[in-house]
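Bear in mind that the values here come from a model prediction, so they are computed numbers and not experimental data. Residue numbers start at 1 and run along the sequence shown. In what follows, every heavy atom counts, from backbone to side chain, and hydrogens, waters and symmetry copies are set aside.
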Amino acid sequence: MIELTPGKLWGLRRMADAGGRFKMTAVDQRPPIKNPIAKHYGRDEAPYGDVAGFKKLLIETLQAESSALLLDPHYAIPKAIDILSPEKGLIVTLEDSLFVETDSGRLSSEIDDWSVEKIKRMGGDAVKVLAWYRPDAGDTVNRHQQDFVKRIGEACGRYDIPFVFELLVYPLAKDAEQTKDYVEMKGKKTDDVLKSVEEFAKPDYGVDLFKLESPLNANDVPGVGGEGWEETQAAFDEMGRLAGRPWVMLSAGAGKGAFRNILTHAYKAGASGYLAGRAIWLDAFSHFPDWEKMRSELEGEGTAYMRKLNALTDKRATPFTSHACYGEGGGCFRPADASFRSGYSGF
């Protein structure tokens with residue numbers, strides 16, 4: 001059974017809607033926004049104002065449909081923290097978007113001059129970290145990635161703030177489809193996804209909420225009721241079992257239809273919502289630098305799509321408070337640290 005301290009429970013409640021379901025919008029992307037803008041201008045680096053301005057636009061147009069938003073310290077927080085509604089949960093990303101690529105795998109690290117403590121001090125409701133992981137990467141690489149995640153998990157425990165952990169498999173140098181882009185790995189193996197979840201579900205890592213990718217390529221997921229859906233469902237069911245705590249789905253650049261199909265399987269397997277970005281706003285972003293057109297599409301099709309996802313979430317997702325890992329019958333929250341017991345009741 002997982003025991004939540006009051007701070008972690010409160011953070012999760014801040015991120016969820018009143019029913020305990022997560023409808024969260026990711027605005028922390030850096031290369032997926034910076035690179036197309038830089039290409040448009042024919043530059044190596046995207047102008048800061050354009051990147052930050054697009055993130056501000058996303059917050060302005062999409063927060064009404066969101067239970068929480070995921071922001072980055074470089075662009076979204078400096079530009080738009082003043083317009084983020086205090087009624088919405090605030091998740092802050094801590095991993096650097098730049099990683100070290102070696103022959104045996106990728107090495108992740110924190111953003112310079114940011115920490116779990118700093119996120120807690122600024123009023124963040126949760127810390128989010130992405131780690132690239134392949135079970136068959138080099139031993140030194142995997143130890144580095146494991147230590148990186150443990151370090152963040154320990155700090156989240158120390159400062160009593162939820163740890164939202166995102167896992168992505170990726171191509172190694174030996175793989176045919178090599179890319180450094182933040183996109184779903186082509187030809188990824190279901191076993192690699194499942195083994196990665198199994199590793200980081202161990203208590204040593206301190207994960208409170210998983211942000212997971214589909215165990216199958218997004219375009220190969222039929223949706224519940226589609227042709228051959230039972231085999232796909234078995235993979236999602238196993239992923240949920242291995243997670244052993246509340247989990248949500250990421251979109252990894254999947255199209256709108258594909259992501260909705262993914263959610264039907266995830267919710268049947270016990271997922272508690274989504275934390276997605278590009279599936280919601282990528283179509284609008286394709287109109288850059290036509291700011292009026294981007295705003296119009298975000299307020300129109302983007303918002304309409306979120307409402308469809310939210311209706312599905314309300315109907316099918318499992319409230320995080322009823323997750324089986326919180327004790328017999330669900331809903332059993334107790335402080336893991338005895339020092340919290342004095343002065344708190346009802347846990």
Seminar exercise, completed: Partner of Tyr133 under side-chain hydrogen bond (donor to acceptor under 3.5 Å, both in side chains), picked from Glu199, Gln145, Arg106, Gln146, is Gln146
For this session: Taking all heavy atoms of Ala52 and all of Tyr75, pick out the closest pair and write down the distance.
Result: N-CD2, 3.9 Å
For this session: Please name the pair of heavy atoms, one in Asp160 and one in Lys120, separated by the smallest distance, quoted to 0.1 Å.
Result: O-NZ, 3.2 Å
Problem set entry | Residues which pass side-chain contact (heavy atoms from CB on, under 4.5 Å) with Asp136, listed by chain and number, not counting sequence neighbours | Arg134, Leu172, Lys174, Asp192
For this session: Specify the closest pair of heavy atoms between Met15 and Val164, including all atoms of both residues, with the distance to one decimal.
Result: CE-CG2, 3.7 Å
Exercise. Between Phe54 and Phe285, is the gap from one ring center to the other below 6.0 Å?
Worked result: yes
Exercise. Partners of Tyr205 by ring pair (Phe, Tyr, Trp, His ring centres under 6.0 Å), sequence neighbours excluded?
Worked result: Phe200
Exercise. Side chains of Glu198 and Ser196: is there a donor and an acceptor less than 3.5 Å apart?
Worked result: no
Seminar exercise, completed: Tested for salt bridge (charged side-chain N to carboxylate O under 4.0 Å, His left out) against Arg295, the lone hit among Glu299, Glu292, Glu297 is Glu299
Problem set entry | Gap between atom CG of Leu57 and atom OG1 of Thr61 - 0.5 Å precision | 5.0 Å
For this session: Could you tell me which non-hydrogen atom of Ala279 sits nearest to which non-hydrogen atom of Tyr305, and how far apart they are?
Result: O-CE2, 3.6 Å
Exercise. Quick one: CG on Leu298 to CD1 on Ile59, what's the gap to the nearest 0.5 Å?
Worked result: 12.0 Å
Exercise. Any side-chain donor-acceptor pair under 3.5 Å between Thr318 and Tyr267?
Worked result: no
For this session: Might you point out which heavy atoms bring Met239 and Val193 nearest each other, and give the distance in Å?
Result: SD-CG1, 4.1 Å
Exercise. Below 4.5 Å, heavy atoms only, C-beta onward: do Lys128 and Glu95 meet side chain to side chain?
Worked result: yes
Problem set entry | Inter-residue atom distance Lys88.NZ - Met24.CE, 0.5 Å rounding | 13.0 Å
For this session: Would you name the heavy atoms of Leu250 and Phe259 that are closest together and state the gap between them?
Result: O-CE1, 3.4 Å
Problem set entry | Crowding at CG, Asp147 (>12 non-hydrogen neighbours, <6.0 Å) | yes
Exercise. Do Arg151's NZ or CZ and the ring of Phe148 fall within the cation-pi criteria of under 6.0 Å and 45°?
Worked result: no
Problem set entry | Verify same cluster id: Trp10, Leu209 (apolar side-chain graph, 4.5 Å) | no
